[in-house]
Protein chains: 2
Amino acid sequence: MICHTAQEVTMTITPKEYQCPMMQFVNLISGKWSIPIVYRLIIIDEPVRFGELLKHLAPVTQKELTKHLRAFEEKGLVQRTVYAEIPPRVEYEITALGKTLKQPLAGLAVWMEQHAAYLLHK
Amino acid sequence: MICHTAQEVTMTITPKEYQCPMMQFVNLISGKWSIPIVYRLIIIDEPVRFGELLKHLAPVTQKELTKHLRAFEEKGLVQRTVYAEIPPRVEYEITALGKTLKQPLAGLAVWMEQHAAYLLHK
DNA sequence: CTGGATCCTTCTGGATACTG
DNA sequence: CAGTATCCAGAAGGATCCAG
């Protein structure tokens with residue numbers, strides 16, 4: 001893929017060796033609800049139980065939330081802590097690495113808030 | 001859904017009336033390749049033929065590119081121009097509204113470039 | 001020859017019921 | 001309560017076919 005860096009530096013690289021950052025991003029944070037889930041964990045910014053997180057992320061189903069959280073854990077974006085209690089308790093918390101996404105994602109959120117009124121009524 | 005604005009102002013709103021900006025965003029820019037496609041059109045910043053755009057967006061298939069471009073056109077993010085020529089020529093260009101996404105998306109791209117080396121080798 | 005429409009297969013995501 | 005398994009609709013990939 002012919003691509004440019006975020007700074008728009010023109011590069012001549014063979015498609016096989018290089019990936020547009022956006023391609024890498026959607027490959028890393030893949031799936032319909034990835035961005036809202038990560039952003040929510042960033043805003044909460046403390047350990048949350050699975051059930052509570054699920055309530056916050058309204059239309060997201062249990063299956064999808066579980067799947068995404070496990071994927072994020074594997075990538076080091078989220079920390080998962082299991083407590084050996086009855087009833088079971090599992091808490092999720094954004095990691096330092098995950099928090100580095102706060103500003104970029106907040107930028108998206110601000111954009112959406114600014115243009116929501118116009119875009120959602122077309 | 002219980003949610004906060006990008007500025008993290010705590011709000012008490014009934015779930016039915018409010019949507020987290022991120023939820024709105026993934027609802028608007030939906031689909032696996034939406035973000036890379038929009039970002040590419042922003043970087044190119046001039047009319048591009050379909051075939052050339054397709055080459056730039058390497059793993060994206062013709063069908064998906066067509067579908068997304070039509071959706072963006074409907075939302076006012078992209079302008080589509082058909083020339084009655086032989087062979088046929090169709091050009092796509094980012095609109096002024098679409099360009100407002102440049103900074104937010106560039107933020108994501110920068111983040112990805114900074115963390116790609118670490119994240120892609122886990 | 002280009003853009004894209006169509007058919008078919010594969011995979012992702014939604015709804016629900018069930019287990020430790 | 002958290003997570004899994006199952007079933008099913010919809011999204012996305014691959015390969016043609018078509019109009020101009």
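Order of the sequence lines sets the chain letters (A, B, ...), proteins ahead of strands, with each chain counted from 1. Scope of the values below: all heavy atoms of this structure, side chains included, with no hydrogens, waters or symmetry mates.
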Y83(B) side chain near dG20(D) phosphate (N/O to OP1/OP2, under 4.0 Å) | no
Taking CD from Q62(B) and P from dA11(D), how many angstroms apart are they, rounded to a whole number?
-> 20 Å
E64(B) atom CD is separated from dT10(C) atom P, nearest whole Å, by 17 Å
Which one, dA11(D), dG13(C), dG4(C), comes nearest to the side chain of K67(B)?
-> dA11(D)
Below 4.0 Å: OP1/OP2 of dT4(D) and any side-chain N or O of R70(A) = yes
Mind checking whether L119(A) and L97(B) have side chains closer than 4.5 Å, heavy atoms only?
-> yes
What is the distance from CG of L65(B) to C1' of dA12(D), rounded to the nearest Å?
-> 13 Å
I86(B) has an atom CD1; how far is it from atom C1' of dA19(D), in whole Å?
-> 9 Å
With Q24(A) as partner, the option from E113(B), H115(B), M112(B) fulfilling side-chain contact (heavy atoms from CB on, under 4.5 Å) is M112(B)
Thinking salt bridges, do K55(A) and E52(A) make one under a 4.0 Å N-O criterion?
-> no
Kindly assign one of parallel, tilted or perpendicular to the pair Y92(B) and F50(B), based on the angle between their ring planes and the thresholds 30° and 60°.
-> tilted
What is the distance from CG of L54(B) to C1' of dG3(C), rounded to the nearest Å?
-> 10 Å
Among dG13(D), dA15(C), dG3(D), find the nucleotide with the atom closest to the side chain of K63(B).
-> dG13(D)
Looking at dC1(C), dA12(D), dG13(C), which one has an atom nearest to any side-chain atom of K32(A)?
-> dG13(C)
Let me know the distance between OH of Y92(B) and P of dG3(C), rounded to the nearest Å.
-> 8 Å
Among dA12(D), dG20(D), dG20(C), the one nearest any side-chain atom of P88(A) is dG20(C)
Nearest-Å distance, CZ (F50(A)) to C1' (dT4(D))?
-> 11 Å
Between T61(B) and dG13(D), does any side-chain N or O lie under 4.0 Å from OP1 or OP2?
-> yes
Of the listed dA12(D), dG4(C), dG3(D), the closest approach to the T66(A) side chain comes from dG3(D)
Figure out the NE2/C1' separation between H68(A) and dT4(D), and round it to whole Å.
-> 17 Å
Would L53(A) end up clustered with V82(A) when hydrophobic side chains under 4.5 Å apart are linked, directly or stepwise?
-> yes
Kindly say if W33(B) contacts the phosphate of dG13(D), meaning a side-chain N or O under 4.0 Å from OP1 or OP2.
-> yes
Would you say dG4(C) has OP1 or OP2 under 4.0 Å from some side-chain N or O of R89(B)?
-> no
R49(B) side chain near dG3(C) phosphate (N/O to OP1/OP2, under 4.0 Å) = yes
